[in-house]
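Report on the following structure.
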There are 2 protein chains.
Amino acid sequence: MRAVDIIIKKRDHQRLTEAEIDYFIQGYAAGEIPDYQAAAWAMAVLLNGMDAEETTHLIMAMARSGEILDLSQVVPLAVDKHSTGGVGDKTTLVVEPVVAACGLPVGKMSGRGLGFTGGTLDKMESIPGFRTNLEIDEFMAQLKDVGLVLAGQSKALAPADGKLYALRDVTGTVQSIPLIASSIMSKKIAAGAQAILLDVKVGLGAFMQTMEDARQLAELMVAVAGKAGRRAVALLSDMNQPLGEAVGNALEVKEAIDTLHGGGPADFREHCTVVAAHLLALGQVANNPGHGRQLVEQALSDDSAWEKFRQLVTAQGGDVSTVDDPSRLPAASLVEPLPSPHAGWIAQVHARLVGEAAVVLGAGRARLEDPIDHGVGILVHTKVGDHVEKGQPLFTIHAASQEKLDEARRSLLDTLLFSDEPVDPLPLFYGEISEA
Amino acid sequence: MRAVDIIIKKRDHQRLTEAEIDYFIQGYAAGEIPDYQAAAWAMAVLLNGMDAEETTHLIMAMARSGEILDLSQVVPLAVDKHSTGGVGDKTTLVVEPVVAACGLPVGKMSGRGLGFTGGTLDKMESIPGFRTNLEIDEFMAQLKDVGLVLAGQSKALAPADGKLYALRDVTGTVQSIPLIASSIMSKKIAAGAQAILLDVKVGLGAFMQTMEDARQLAELMVAVAGKAGRRAVALLSDMNQPLGEAVGNALEVKEAIDTLHGGGPADFREHCTVVAAHLLALGQVANNPGHGRQLVEQALSDDSAWEKFRQLVTAQGGDVSTVDDPSRLPAASLVEPLPSPHAGWIAQVHARLVGEAAVVLGAGRARLEDPIDHGVGILVHTKVGDHVEKGQPLFTIHAASQEKLDEARRSLLDTLLFSDEPVDPLPLFYGEISEA
């Protein structure tokens, strides 16, 4: 078998066999197949596609490139959730403590933010002392003892994915649905998940900008999970406007804490409730999502989810006094509202542009090696469909310097479209996809 | 400007600007753009194409990546010819001395054979002492003094092409018409050609296997030559069966010598006559190809072309006594005819398979670093449309060992198809393409 023949086969629109995909991925992970061959192959996959069977083989090959965790020693049924990423998406910070409080243990490995979307690790690291670089044995022990872990992706899992993702980033081969699906699913399978809830974001602030792409990605991931002997359910959720109010690391932690106390913005609370309810059903703790919702509402009102969050912070070395009193979390030196220049109905709050404004403030990074300022960010006070008066605060900017504040003020006004006519609010979800 | 954005643009079916193409090619030649980005880009170009204007920019960018020769000091009009390569294609060895004898100086840089097609340099190096690695000043001086040069490609010309070609070979990106066209034309333009005759082969033993691909390549090269301020004419010629009889280096030199003496196989002599006649017209020595044909026939009958060939051999250090007495050229130890297993009409002599049999004998190379045996090869005694009797010799195998001879005997029978009905002979040419 030769790498060039596998590239040519995909170039010529032919299906790759399991053996060919495995040869290519293990060879690439081992450094025997060079980056330039992987780059040509990735472009051929992007342009000519892969079917569900090929994608399944790719996922399993990438999972097999490293360790595959067996969580059956520590949990009865290993569940996981994954969001394709968005602006203001701090869902994990609420959903995982909630389901853990309901008796469904969940150990999650997350990534860092890149570009306009935030990363769960960066958000949690707003809490002084919170450690995310857990060894696999620490991960397993905490999952058993606390029933909740939020750690960084272990380099021992799916190393082919890490290598391929870095290559795709610089070769214009990120936007491939089979490659995105296999990157997500290989890590979930390597991390031992038997049931996976997929939160597939769609819209202006998501990687999938059209409903068609989002649905295709969701259907592919659900199908390949089935082929790989796992169960998956996907929710299609809105990412045209930011989720909740807070965009920026410590601001998002504060909003998650409010929500765990039974408050928080209505859209974010409802989003978390639906995701957690589905996760409980998938994890066989609830009979169905309706039952799951009852359990979630209970865990949010009786402080059991909040207690679980405190246990998580403590277990991973975080200073729990800062979450008990969120005013002690990192904060920006300059805080200023941005008033509306005129009255009208809000027709758009462009999620990606809000995310990019937050990156400029220092809340995110353009490159993986860039530092992050955990205190800065944006509060978004308005949703599509709202009516605002002239002078009413649209955003509150949390900045580290006057210059950045001025820059954010200018960019944030460009994220909005006003209408003279009433505008319908955006739905939170567009649909649910599960195996036929 | 960033390389990844240029890749993404081509991935998304957009046209690249001259500045973008130049940035990418000069960056790649300088080692600033890595192989993996060039590989992804080449695959995007292969799958999404490039129009004539983009291809022209690519040709000129590749030509500008090194020196561009100015031959106007040594010749009134610099002409060149290029064949896309085939089996038994020793046309250059006859055409160049013929046109030089007719008063049209021609300095040609050629490549080595790779895979089933032979290379002009390898053929000429059958002549003991013949040097092909000329410096540019030697090349210019000999073009002025002798009016004829046959040298290897200078590394100083179009270095981006050399680098990109090696990358394409291992990334499945050879078979792209814009990339093939730019590889050919960038070298011709860097070598100073103002008028170029393109012999575009089509058929089983050619890189272009369909008439549609061959015509597309020919039209693109003629169009881009015009856009680059050069004139070009393309001939579409048959490469379903080998050209002439000889396949293998010294065997081909002998056949070229026979042809320069006014003999040689009829198809090869006619092919050379047409190519040379067009070249004379393009070089403004003949008024038109018809007039060119008269000059060619004269040069082949009065020994002036033969004398020019001897001057070439002498000028480049070759032992002229071996071309005066071709029995002194390298020869194989075993020579054996292959008789026809039955009577019938010949319906196919598969050029690629004959070429591959010659490679196995040692006449060609699978990889660029493989050595070559100049003495071995195959004489092909039959053409499509011929009627043969049982026992009549179809091929003569020139081998260095009994094992190789037996292997060639088996493969050569597979190159033929017999028919019980008469079969039409194949044409030599399918058409001519010149600028509208």
Side-chain angles (χ1 to χ4, degrees), chain A residues 1-14 16 20-21 23-24 27-29 31-50 114-115 160 163-180 207 209-210 213 366-368, chain B residues 1-14 16 20 23-24 27-29 31-50 114-115 160 162-180 207 209-210 213 366-368:
Chain A
M1 216 177 274
R2 295 192 316 158
V4 66
D5 296 324
I6 295 171
I7 300 170
I8 287 172
K9 202 170 168 189
K10 182 43 68 186
R11 176 196 83 187
D12 293 345
H13 295 85
Q14 292 177 58
L16 300 180
E20 287 164 343
I21 290 172
Y23 173 87
F24 203 93
Y28 182 55
E32 288 152 12
I33 292 177
D35 280 338
Y36 53 80
Q37 289 188 314
W41 174 84
M43 183 59 81
V45 169
L46 184 144
L47 289 170
N48 291 345
M50 269 190 163
L114 188 58
K163 198 172 170 187
L164 189 59
Y165 192 85
L167 181 70
R168 287 167 55 209
D169 193 41
V170 291
T171 56
T173 50
V174 169
Q175 285 294 355
S176 156
I177 287 176
L179 294 180
I180 293 171
F207 286 110
Q209 304 224 339
T210 69
D213 280 356
R367 293 177 308 175
L368 264 179
Chain B
M1 216 178 275
R2 295 192 317 157
V4 66
D5 296 325
I6 296 172
I7 301 170
I8 287 172
K9 202 170 168 188
K10 182 42 69 186
R11 177 196 83 187
D12 292 345
H13 296 84
Q14 293 176 59
L16 299 180
E20 287 164 344
Y23 173 86
F24 203 92
Y28 182 54
E32 288 152 11
I33 290 176
D35 280 337
Y36 54 79
Q37 289 188 315
W41 174 84
M43 183 59 80
V45 169
L46 184 144
L47 289 170
N48 291 345
M50 268 189 164
L114 188 58
K163 197 172 169 186
L164 188 59
Y165 192 85
L167 181 70
R168 285 167 56 209
D169 193 42
V170 291
T171 54
T173 50
V174 170
Q175 285 295 354
S176 157
I177 288 176
L179 294 180
I180 293 171
F207 286 111
Q209 304 224 339
T210 68
D213 280 356
R367 292 177 309 175
L368 264 180

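When reading the values below, keep in mind they use all heavy atoms of this one structure, side chains included, and skip hydrogens, waters and symmetry mates. Within every chain, numbering begins at 1; the chains are lettered A, B, ... in the order of the sequence lines, protein sequences first and strands thereafter.
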Contacting moiety of [X], where chain A heavy atoms sit under 4.5 Å:
| X | value |
| --- | --- |
| B:N48 | side chain |
| B:I6 | neither |
| B:A42 | neither |

Subject >> Winner by heavy-atom pair count (cut-off under 4.5 Å) against chain A, out of B:L46, B:D35, B:T171, B:I8 >> reply: B:T171
Subject >> Most chain A-contacting option - heavy-atom pairs closer than 4.5 Å, from B:I7, B:L47, B:T173 >> reply: B:L47
Looking at chain B, which one of [options] has the largest number of heavy-atom pairs inside 4.5 Å, strictly under?
| options | value |
| --- | --- |
| A:R11, A:K9, A:Q37 | A:R11 |
| A:D5, A:D12, A:V4, A:V174 | A:V4 |
| A:P34, A:A40, A:A38 | A:A40 |

